[in-house]
A.B. asks: 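Next up is a structure, given as structure tokens.
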Amino acid sequence: DRTTLPNFRFDFLSSLRHHLLREDLYGDLNNLNVNQEDRWQPYQNTSGELKELMDGDWYRRTALKLDPKTTKTETHPYIDFIIPIKMYVDKTGCVANERFSLEPVMFSTAVLKNQFNQNSSSYFLLGYITDPGNVSSAKKAKANSTKEGRGRSLRDYHACLKVLLEPLYTAQQERPLLDVRIGNQVQRVRPYLPMAIVLGDGLSNDTLAGRVIYSAGTLCLSRPCFLL
């Protein structure tokens, strides 16, 4: 039906560069999941406990697969450094009756400890997705009456998200140089940027996974309960 959805996307690389140099976040080693012997080496879980996101087996397997080069050479003047990305999404009403809403797409990194998960200042904004389902009841009924129209809002949501995530995908492929602060040291690195986790409420994650319709009996959870 040639419906167009306005989306808002900001400069991912510029925001990430600023984020990784923030002294209030990355200037204190106690805030960070880093290798205790050499902060620029891949993180290792020395406690044997699963307290942090990077303590999981997924990170160990990711590091083994990527095999980052952590020694500078003439042919490799910058070390490789794994920066797992955390994404947070949660639809937010924009007017008093929440008739219109935007869904902010926020990023942070798993280098920061879990204590920062609910600290809004530890994220940076990638952009906003407008609500694809914000159409008239008549238009929804017409769309749902056809096989092609069912699930259109979900399809459109993922099309919008794809546009927002394009700069991340490009950075994952091209691996541009980034200056990274770890404690009192700053080093220029060639990053790996794997997506580690997507945080959000039940509705956001149902929409991402296309699992169920949130009005079909899905239990509501408290906002502090982040889901994968």
Side-chain angles (χ1 to χ4, degrees), residues 16 19-70 79-90 103-126 161 165 168-169 171-172 175 178 180-185 187 189-212 214 218-228:
L16 180 62
H19 178 80
L20 293 172
L21 287 173
R22 285 181 54 180
E23 188 171 1
D24 60 319
L25 295 178
Y26 296 91
D28 186 348
L29 290 177
N30 294 319
N31 294 339
L32 309 179
N33 295 310
V34 293
N35 189 299
Q36 297 300 307
E37 296 183 359
D38 182 346
R39 66 190 73 181
W40 300 105
Q41 295 286 330
Y43 172 78
Q44 291 184 347
N45 179 7
T46 56
S47 69
E49 300 178 346
L50 300 178
K51 291 184 176 180
E52 300 292 332
L53 179 60
M54 289 172 63
D55 287 338
D57 189 56
W58 74 269
Y59 178 83
R60 183 188 62 80
R61 289 186 282 106
T62 299
L64 287 174
K65 181 177 180 180
L66 296 176
D67 189 23
K69 297 178 176 62
T70 55
I79 68 167
D80 296 332
F81 193 68
I82 302 174
I83 307 174
I85 298 295
K86 293 190 296 189
M87 187 171 89
Y88 174 76
V89 290
D90 187 7
E103 184 154 358
V105 179
M106 315 272 299
F107 278 166
S108 186
T109 80
V111 177
L112 291 173
K113 290 187 174 180
N114 288 345
Q115 67 195 54
F116 289 93
N117 280 352
Q118 298 188 54
N119 183 345
S120 61
S121 67
S122 68
Y123 292 83
F124 64 90
L125 182 64
L126 175 64
L161 186 61
L165 293 180
L168 170 61
Y169 177 77
Q172 289 173 329
R175 301 179 58 211
L178 296 175
V180 178
R181 178 187 300 278
I182 300 293
N184 60 357
Q185 298 180 14
Q187 185 165 184
V189 303
R190 181 81 64 184
Y192 286 108
L193 300 169
M195 179 66 77
I197 193 172
V198 179
L199 302 170
D201 61 8
L203 168 58
S204 297
N205 285 281
D206 286 344
T207 304
L208 284 169
R211 183 175 64 86
V212 295
Y214 65 90
T218 303
L219 295 177
C220 294
L221 296 177
S222 170
R223 283 186 177 273
C225 296
F226 285 121
L227 304 178
L228 300 182

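Heavy-atom basis, side chains included; hydrogens, waters and symmetry copies ignored. Numbers here simply count residues along the sequence, with the first being 1. On a predicted model such as this, the values are computed, not experimentally measured, just so you know.
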A.B. asks: Got M87 and L126 here, is their nearest side-chain heavy-atom distance under 4.5 Å?
C.D. replies: no
A.B. asks: Which atom pair, heavy atoms only, marks the closest approach of P68 to I82?
C.D. replies: CG-CD1, 4.1 Å
A.B. asks: Among residues at least two apart in sequence or on other chains, which ones pass side-chain contact (heavy atoms from CB on, under 4.5 Å) with L21?
C.D. replies: D179, R181, V186
A.B. asks: Between N33 and L112, is any pair of side-chain heavy atoms under 4.5 Å apart?
C.D. replies: no
A.B. asks: More than 12 heavy atoms of other residues, nucleotides or ligands under 6.0 Å from CD of E23: yes or no?
C.D. replies: no
A.B. asks: Over all heavy atoms of both residues, which pair between L193 and A171 is shortest? Give the atoms and the distance, please.
C.D. replies: CD1-CB, 3.8 Å
A.B. asks: Any side-chain heavy atom of F116 sitting closer than 4.5 Å to one from N31?
C.D. replies: yes
A.B. asks: Which atoms form the tightest heavy-atom contact between L168 and M195, and what is the distance?
C.D. replies: CD2-CE, 3.5 Å
A.B. asks: Quick one: closest heavy-atom pair of V89 and E103, and the distance?
C.D. replies: CB-OE2, 3.4 Å
A.B. asks: Could you pull out all residues at least two apart from W40 that satisfy ring pair (Phe, Tyr, Trp, His ring centres under 6.0 Å)?
C.D. replies: F81
A.B. asks: Knowing that exactly one of L29, L20, V189 qualifies, which makes a side chain to side chain contact (heavy atoms under 4.5 Å, CB included) with I182?
C.D. replies: L29
A.B. asks: For R22, what residues pass the side-chain hydrogen bond (donor to acceptor under 3.5 Å, both in side chains) criterion, not counting sequence neighbours?
C.D. replies: D24
A.B. asks: Holding to salt bridge (Lys or Arg N to Asp or Glu O under 4.0 Å), I want the full list of residues that pass it with R190, two or more places apart in sequence or in another chain.
C.D. replies: none
A.B. asks: With the side chain counted from C-beta on, respond yes when R175 and D80 share a heavy-atom pair under 4.5 Å apart, and no when they do not.
C.D. replies: yes
A.B. asks: Would you check if the side chain of Y123 reaches a backbone N or O of N117 as a donor-acceptor pair within less than 3.5 Å?
C.D. replies: yes
A.B. asks: Can you sort out the partners of K69 under side-chain hydrogen bond (donor to acceptor under 3.5 Å, both in side chains), two or more places apart, ordered by chain and number?
C.D. replies: none
A.B. asks: Measure across L125 and V105 and return the closest heavy-atom pair with its distance rounded to 0.1 Å.
C.D. replies: CD1-O, 3.7 Å
A.B. asks: Could you work out, with side-chain contact (heavy atoms from CB on, under 4.5 Å) as the rule, every residue matching D67, not counting sequence neighbours?
C.D. replies: none
A.B. asks: Sequence neighbours left out, what passes ring pair (Phe, Tyr, Trp, His ring centres under 6.0 Å) with Y26? Give chain and number order.
C.D. replies: H19
A.B. asks: Can you list everything that forms a side-chain hydrogen bond (donor to acceptor under 3.5 Å, both in side chains) with T46? Sequence neighbours excluded, please.
C.D. replies: none
A.B. asks: I need the N45 CG to Q36 CD distance, nearest 0.5 Å.
C.D. replies: 10.5 Å
A.B. asks: Starting at CD of Q41, measure out to CD1 of I79 and round the result to the nearest 0.5 Å.
C.D. replies: 7.5 Å
A.B. asks: Taking S108 for the side chain and S122 for the main chain, is one N or O donor matched with an acceptor at less than 3.5 Å?
C.D. replies: yes
A.B. asks: At their closest point, which heavy atom of L32 faces which heavy atom of G183, and how far apart are they?
C.D. replies: CD1-N, 4.0 Å
A.B. asks: Sequence neighbours excluded, which residues qualify as side-chain contact (heavy atoms from CB on, under 4.5 Å) partners of A196?
C.D. replies: L53, W58, P84
A.B. asks: How many angstroms lie between NZ in K65 and CZ in R60, if you round to the nearest 0.5 Å?
C.D. replies: 14.0 Å
A.B. asks: Would you call the rings of F107 and F124 parallel, tilted or perpendicular if under 30° counts as parallel and over 60° as perpendicular?
C.D. replies: perpendicular
A.B. asks: Just jot down the side-chain hydrogen bond (donor to acceptor under 3.5 Å, both in side chains) partners of N35, sequence neighbours excluded, or say none.
C.D. replies: none
A.B. asks: So which pairs with a foot in residues 31-56 pass salt bridge (charged side-chain N to carboxylate O under 4.0 Å, His left out), sequence neighbours left out?
C.D. replies: E49-K51
